[in-house]
Number of protein chains: 2
Amino acid sequence: MPTIDREIHRFQEFLLHQGQKLTKERTALVREIFGTHYHFEADELLFKMKQKSVKISRATVYRTLELLVKSGLVRRVHLGEDHYHYEHVRGDSHHDHLVCTACGSVIEFNDPELEQRQLEICARKKFTPTFHNLQILGVCDSCRRKGEQPASPDRVMSIGEGAMRLRK
Amino acid sequence: MPTIDREIHRFQEFLLHQGQKLTKERTALVREIFGTHYHFEADELLFKMKQKSVKISRATVYRTLELLVKSGLVRRVHLGEDHYHYEHVRGDSHHDHLVCTACGSVIEFNDPELEQRQLEICARKKFTPTFHNLQILGVCDSCRRKGEQPASPDRVMSIGEGAMRLRK
DNA sequence: TCGCAGCTGAGACTTAGTCTCATCCATGCC
DNA sequence: GGCATGGATGAGACTAAGTCTCAGCTGCGA
């Protein structure tokens with residue numbers, strides 16, 4: 001898949017630039033992330049690799065995710081749960097998330113006016129922003145119509161594909 | 001301190017309303033939270049109680065924080081670290097946070113225009129919001145002037161008073 | 001193809017938070 | 001005040017997510 005090869009190439013350039021190597025484990029992870037996942041958890045990724053009989057340890061998954069975040073190919077986000085989620089980046093610009101607390105679905109949005117307003121607030125407070133993180137929790141259209149009971153905001157359903165956990 | 005007594009009274013009413021009791025442990029925690037802390041971590045609170053020789057277990061601290069969040073007296077927030085922070089609420093309205101990645105200080109702001117814009121985005125996406133969470137990470141004015149090197153965004157310094165941890 | 005710096009897996013360890021259960025105590029009733 | 005009782009407590013085991021260690025492996029430049 002040529003698109004993924006481009007990501008792998010970008011990752012390799014990033015690694016070489018700081019004297020690091022592109023190993024087969026790293027390549028496999030990039031393939032998995034850019035090939036099928038969008039929002040995912042570290043443990044979910046580990047599980048998928050095991051499912052495919054690609055032997056990669058937990059340590060390597062976490063180490064590689066850290067490198068991918070540093071390289072800018074992957075973003076680490078909070079989606080209202082008490083651990084991180086990751087999403088791959090494909091040259092698309094920054095966005096924020098609407099997270100449905102009933103079904104766990106994630107809707108992305110990008111709103112330049114909102115971003116602009118944030119910059120104004122920072123300027124007013126003499127604050128130099130480097131990064132921000134906005135999640136709006138609530139109920140998506142289809143859940144609202146199904147009349148499903150939203151979970152309480154501090155107990156959001158698992159997001160993503162609900163992959164089984166590897167560690168009992 | 002009469003102000004704190006008012007908070008304790010509100011908490012007691014909340015508890016009674018659902019057949020729960022105001023114990024001396026819960027009272028002590030409310031006093032500590034409303035008396036001296038603003039943004040704090042669960043473990044920090046536990047440490048402060050131990051310092052004051054008030055014997056309260058970890059389980060009770062977490063259980064009481066949960067009740068305080070439910071009662072609306074305390075809010076649970078993400079400040080860019082991988083665990084929760086809490087802040088007490090004193091009738092003030094919702095606000096968001098600017099978090100300095102160099103010194104760990106937290107600046108609050110409330111911007112009705114920003115909130116309004118979020119509602120518009122939700123309406124456009126047919127999403128019913130219940131709650132949101134915005135942190136802007138960056139460097140505060142005094143750190144910028146000191147020319148301090150900001151920590152990388154994914155490795156934010158500890159926020160709060162840097163209380164020693166109880167568990168080694 | 002060789003050497004070695006960087007990488008890997010296995011599993012011990014850490015941190016933040018939850019759960020269990022025997023015992024305690026706040027509250028309502030007498 | 002004394003008593004009954006159901007909710008609350010503490011100690012510590014347990015869990016989830018993530019980090020660290022170290023002996024052996026491997027990608028890549030010479």
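Bear in mind that the values here come from a model prediction, so they are computed numbers and not experimental data. Worth knowing before you read on, the calculation uses all heavy atoms, side chains too, and leaves out hydrogens, waters and symmetry mates. Just so it is clear: chains get the letters A, B, ... in the order the sequence lines come, proteins before strands, and each one is counted from 1.
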K.L.:
When you get a sec, tell me which of dG17(C), dA8(D), dC7(C) is the closest nucleotide to the side chain of Arg58(B)?
P.N.:
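Shortest atom-to-atom distance from the side chain points to dG17(C).
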K.L.:
Which nucleotide in the list dA8(D), dC19(C), dG17(C) gets nearest to the side chain of Ala42(B)?
P.N.:
dG17(C)
K.L.:
Taking the axis from the first five pairs and the axis from the last five, what angle separates them in the helix from dT1(C)-dA30(D) to dC30(C)-dG1(D), rounded to 10 degrees?
P.N.:
30°
K.L.:
Could you check whether Glu32(A) pairs with Lys48(A) (Lys NZ or Arg NE/NH1/NH2 to Asp/Glu carboxylate O, under 4.0 Å)?
P.N.:
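Salt bridge between Glu32(A) and Lys48(A), a charged N being under 4.0 Å from a carboxylate O: no.
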K.L.:
Of the nucleotides dC28(D), dA16(C), dG18(D), which one has an atom closest to the side chain of His83(A)?
P.N.:
dG18(D)
K.L.:
Nearest nucleotide by nearest heavy atom, which residue falls closer to the 5' end of DNA chain C, Thr60(A) or Arg63(B)?
P.N.:
Thr60(A)
K.L.:
Under 4.0 Å between a side-chain nitrogen and a carboxylate oxygen: does that hold for Asp141(A) and Lys146(A)?
P.N.:
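No, Asp141(A) and Lys146(A) are not salt-bridged.
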K.L.:
Whether Tyr62(A) contacts dT19(D) is assessed here as follows: a side-chain N or O lying under 4.0 Å from the phosphate OP1 or OP2. Is that the case?
P.N.:
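Result: no.
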K.L.:
With under 30° as parallel and over 60° as perpendicular, where do the rings of His78(B) and Tyr84(B) fit, or are they tilted in between?
P.N.:
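Geometry flag for Tyr84(B) against His78(B): tilted rings.
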K.L.:
Inspect the contact between Arg10(B) and Asp5(B) and indicate whether a charged nitrogen and a carboxylate oxygen are less than 4.0 angstrom apart.
P.N.:
no
K.L.:
Looking at the base of dA26(C), is there any donor atom on it, or on the side chain of Lys24(B), that sits under 3.5 Å from an acceptor on the other one?
P.N.:
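No such pair is found, so the answer is no.
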K.L.:
DNA chain D: Gln20(B) or Lys21(A), which has the more 5' nearest nucleotide?
P.N.:
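Upstream on the strand: Gln20(B).
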K.L.:
Give, ordered by number, those residues of residues 11-19 of chain B having at least one heavy-atom distance below 4.0 Å to an atom of DNA chain D; if nothing qualifies, reply none.
P.N.:
Gly19(B)
K.L.:
Check the phosphate of dT9(D) against Lys55(B), side-chain N and O only, distance under 4.0 Å to OP1 or OP2. Yes or no?
P.N.:
no
K.L.:
With a cut-off of less than 4.0 Å, is there a side-chain N or O of Thr23(A) near OP1 or OP2 of dG6(C)?
P.N.:
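It does not, given that no N or O in the side chain of Thr23(A) lies less than 4.0 Å from OP1 or OP2 of dG6(C).
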